[in-house]
Amino acid sequence: MSNYVVPATPTVSLPVVGSDARYPVRRVYCVGRNYAAHAQEMGFSGREPPFFFLKPADAVVPAPAGEAIEIDYPPLTKDLHHEIELVVAIGEGGRQIRAADALRHVYGYAVGLDMTRRDLQADMKKQGRPWCIGKAFDQSAPVGAITPAKDAGDIAHATIALEVNGQPRQRSDISQLIWSIGEVIEHLSNAWTLAPGDLIMTGTPEGVAAVGRGDRLHGTVDGLPSIDVRIR
C-alpha cells in the first residue's frame, strides 16, 4: 500500500455501455478547429496543420447513459460556450502510430462537450498567452458513456448534433472532420506517447454559442448514447 503525504486524487472514470467495468481517464487531448465551417466562424480557413490543447483528467464530468447531469456555470466568465464533440477513447497506446493503423488503438467512442470560457480565451489570444483558463477549468468536459468501437457502427459517417433547450444549435457529420480520427491519432502520437485511458476530443462543428444558467444541452452522435447536461 502506498504511503502519501496528502490524500491521493481518485481516478476519474467513465461508464462503458454493456459493461459493469469502467474506463479510467488518464489524459484529455483536444483538437482545435477541426471542422472547416467552425474554423471559418472563428475567423480562420483552410486545412491548417492540426493543433492540440489539453484538459486535466478531473475536468471530465461522467454522464451515464440515459441520465442527465448538472454542471456549474464557471466563475470569471460572462460568455460560456458549448462545443459538441466526438470523443475517442484510446485502448492501446503507442508512439508514431500510422493513420492507417490508428483505429486498432481505439477502445471506443463517446459524446462530449468542450465547454469554453470564450471571453477569457479571446483575451488570452489577443495577448499571445496560453488560453488554458478558457478551456481547462473545472467541469469543462462532460463526457457520456463509452461505446466499444465494435458496437459503434459507422462512426466515420455519423451525424453529430447539439440542441439547447430543445432548439438546434450545432449539426454536422463526422465525415466533415478536416483531420480524420486516424490522422489525429497519427499527429498526436508523434508528439506524445499515447496510452490506455487517453481521451481525444476531436473538434466541434459550426454553431457554437453562449449558454447560461438553467439551459439544458442535449448532444448526440449517431450510434452512441446521448449526453444531457443542465447548467446551474
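Position 1 is the first residue of the sequence; numbering continues from there.
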Open item on the list: When you compare the side chains of Asp173 and Ser175, does any donor N or O come within less than 3.5 Å of an acceptor on the partner?
Closed with: yes

Task: Pair Glu186, Asn190: side-chain N/O donor-acceptor within cut-off below 3.5 Å - done: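 Judged by distance alone, the side chains do not pair up.
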
Counting N and O atoms only, with roles assigned by atom type, does the side chain of [X] sit under 3.5 Å from a partner on the main chain of [Y], one being a donor and the other an acceptor?
X      : Y      : answer
Ser189 : Ile97  : yes
Glu183 : Ser180 : yes
Gln121 : Gly134 : no
Arg117 : Pro75  : yes
Thr202 : Leu86  : yes
Asp198 : Ile90  : no
His218 : Glu163 : no
Ser140 : Phe137 : yes
His81  : Arg118 : no
Thr204 : Ile84  : yes

Gap separating the [atom1] atom of [X] from the [atom2] atom of [Y], nearest 0.5 angstrom:
X      : Y      : atom1 : atom2 : answer
Asp138 : Ile71  : CG    : CD1   : 11.0 Å
Arg216 : Asp228 : CZ    : CG    : 9.0 Å
Ile231 : Tyr73  : CD1   : OH    : 8.0 Å

- [ ] Could you tell me which non-hydrogen atom of Ala145 sits nearest to which non-hydrogen atom of Val17, and how far apart they are?
- [x]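 For Ala145 versus Val17, the nearest heavy atoms are CB-CG2, 4.0 Å.
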
Flag yes if more than 12 heavy atoms outside [X] fall under 6.0 Å of its [atom1] atom; otherwise flag no.
X      : atom1 : answer
Asp151 : CG    : yes
Arg22  : CZ    : yes
Arg171 : CZ    : no
Arg232 : CZ    : yes

- [ ] State which residue, out of Val60, Asp58, Leu54, fulfils the side chain to side chain contact (heavy atoms under 4.5 Å, CB included) condition with Pro56.
- [x]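 Result for side chain to side chain contact (heavy atoms under 4.5 Å, CB included) with Pro56: Asp58.
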
Open item on the list: Check for me, please, whether Phe52 and Met115 land in the same ILVMFWY cluster - side-chain distances under 4.5 Å, paths through other members count.
Closed with: yes

State whether [X] and [Y] are salt-bridged, where the test is any N-O pair (Lys NZ or Arg NE/NH1/NH2 against Asp/Glu carboxylate O) under 4.0 Å.
X      : Y      : value
Glu83  : Lys135 : yes
Lys126 : Asp123 : no
Asp215 : Arg230 : no

TODO: Look at the aromatic rings of Tyr29 and Trp192 and report parallel, tilted or perpendicular, splitting at 30° and 60°.
DONE: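 Tilted, since the angle between the ring planes falls between 30° and 60°.
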
